[in-house]
Peer 1: 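After the structure tokens below, expect a handful of questions from me.
Positions are given from 1, in the same order as the sequence printed here.
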Amino acid sequence: CYGIGTVSCRFAFRVGAGAEFFAIVRDQKTKSYATGPVLRVKNGWLVSRGKQLMQIATGKLYAIEITAGLGSQATGTWDLMVTPAGQASRRFAKLPVGSPGWNRANWFGFGNNSKVSSTCYLDNLKISTGP
């Protein structure tokens, strides 16, 4: 469980046709959970809480860095850096977290919600905290 400082989650992903990749950070609170940073790939777009951030090409590798304050440093927002293979990075600052009051990172989830046969690849996962 990460509850103080800043959490950083770095990984790379690649999706196949029809994939609906997701990455979610949650905080376990009693019997339910609060959602922090949320990323999805849907219909060729990288999306957070319904906002289309950038187009995602099938078969291309993308490096991701999610950064969020925890505990007293939580602001209700998080930052995202996306680096498509062979291209310049794009930064998306102060994206809203999924649940008001989210401030701890207990669970990191990755998957594919597609209703059709599809593939997602995840590589180079690193989770860390700092001051």
Peer 1: Within this structure, what is the CG-CD distance for the pair Leu46 and Gln55, rounded to the nearest 0.5 Å?
Peer 2: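 So the gap between those two atoms works out to 11.0 Å.
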Peer 1: Suppose the criterion is side chain to side chain donor-acceptor pair (under 3.5 Å): which pairs have a residue in residues 57-74, not counting sequence neighbours?
Peer 2: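 Those involving residues 57-74 are Thr6-Gln73, Ser8-Glu65, Arg10-Glu65.
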Peer 1: Tell me, do Asn103 and Asp27 make a side-chain contact under 4.5 Å, heavy atoms counted?
Peer 2: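 When only atoms from C-beta onward are counted, Asp27 and Asn103 do touch, with a gap below 4.5 Å.
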Peer 1: Out of curiosity, Leu61 CG to Asn124 CG, how far, rounded to the nearest 0.5 Å?
Peer 2: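 If I round to the nearest 0.5 Å, the distance is 8.0 Å.
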Peer 1: Find out if a path of hydrophobic residues (ILVMFWY) with successive side-chain heavy-atom gaps under 4.5 Å connects Val82 to Val97.
Peer 2: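 As far as the 4.5 Å side-chain criterion goes, Val97 and Val82 are connected within one cluster.
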Peer 1: For the residue pair Gly18 and Ser114, what are the closest heavy atoms and their distance?
Peer 2: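 Taking Gly18 first and Ser114 second, the nearest heavy atoms are O-OG, 2.7 Å.
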Peer 1: Out of curiosity, Leu53 CG to Leu80 CG, how far, rounded to the nearest 0.5 Å?
Peer 2: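 Between Leu53 CG and Leu80 CG, I get 6.5 Å after rounding to 0.5 Å.
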Peer 1: Remaining members of Trp107's ILVMFWY cluster at a side-chain heavy-atom cut-off under 4.5 Å?
Peer 2: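 Grouped by the 4.5 Å side-chain rule, Phe22, Ile24, Val38 form the rest of the cluster around Trp107.
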Peer 1: If you measure from NZ on Lys126 to CZ on Phe11, what distance do you get to the nearest 0.5 Å?
Peer 2: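 Here the interatomic distance stands at 15.0 Å.
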Peer 1: Minimum heavy-atom separation for Trp102 and Gly69, please, with both atom names.
Peer 2: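 The answer is CZ3-O, 3.9 Å.
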Peer 1: For Leu70, does its backbone N or O pair with a side-chain atom of Arg104 as donor and acceptor, under 3.5 Å?
Peer 2: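 It does not hold such a pair.
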Peer 1: Treating Asn112 as the side-chain partner and Glu20 as the backbone partner, does any N or O pair qualify as donor plus acceptor under 3.5 Å?
Peer 2: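 Confirmed, Asn112 side chain pairs with Glu20 backbone.
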Peer 1: For a quick test of reading the model, state the closest non-hydrogen atom pair linking Ala19 to Cys120 and the distance between them.
Peer 2: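 Looking at all heavy atoms of both residues, the shortest contact is CB-SG, 3.6 Å.
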Peer 1: Do Met54 and Leu39 belong together in a cluster built from hydrophobic side chains that touch within less than 4.5 Å?
Peer 2: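 Result: yes, single cluster for both.
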Peer 1: Within this structure, what is the CZ-CG distance for the pair Phe13 and Leu122, rounded to the nearest 0.5 Å?
Peer 2: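 Here the rounded value is 9.5 Å.
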Peer 1: Determine, using the 4.5 Å side-chain heavy-atom cutoff (strictly less than), whether Leu125 and Ile64 are members of one ILVMFWY cluster.
Peer 2: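 Yes; tracing contacts between hydrophobic side chains, which count when under 4.5 Å, links both residues.
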Peer 1: Side-chain contact test, heavy atoms from C-beta onward, threshold under 4.5 Å: evaluate it for Cys9 versus Trp78 and give yes or no.
Peer 2: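 Not in contact.
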Peer 1: Strictly by side chain to side chain donor-acceptor pair (under 3.5 Å), give each pair with a member in residues 80-101 just once, sequence neighbours left out.
Peer 2: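 Listed by first then second residue: Asp79-Arg91, Thr83-Ser89.
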Peer 1: Test side-chain contact (heavy atoms from CB on, under 4.5 Å) on Val7 and Phe108 and set out the steps.
Peer 2: CA-CA 11 Å; Val7 67; Phe108 296 79; 4.0 Å; yes
Peer 1: From Ser128 OG over to Tyr2 OH, what is the distance, rounded to the nearest 0.5 angstrom?
Peer 2: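 It comes to 7.5 Å.
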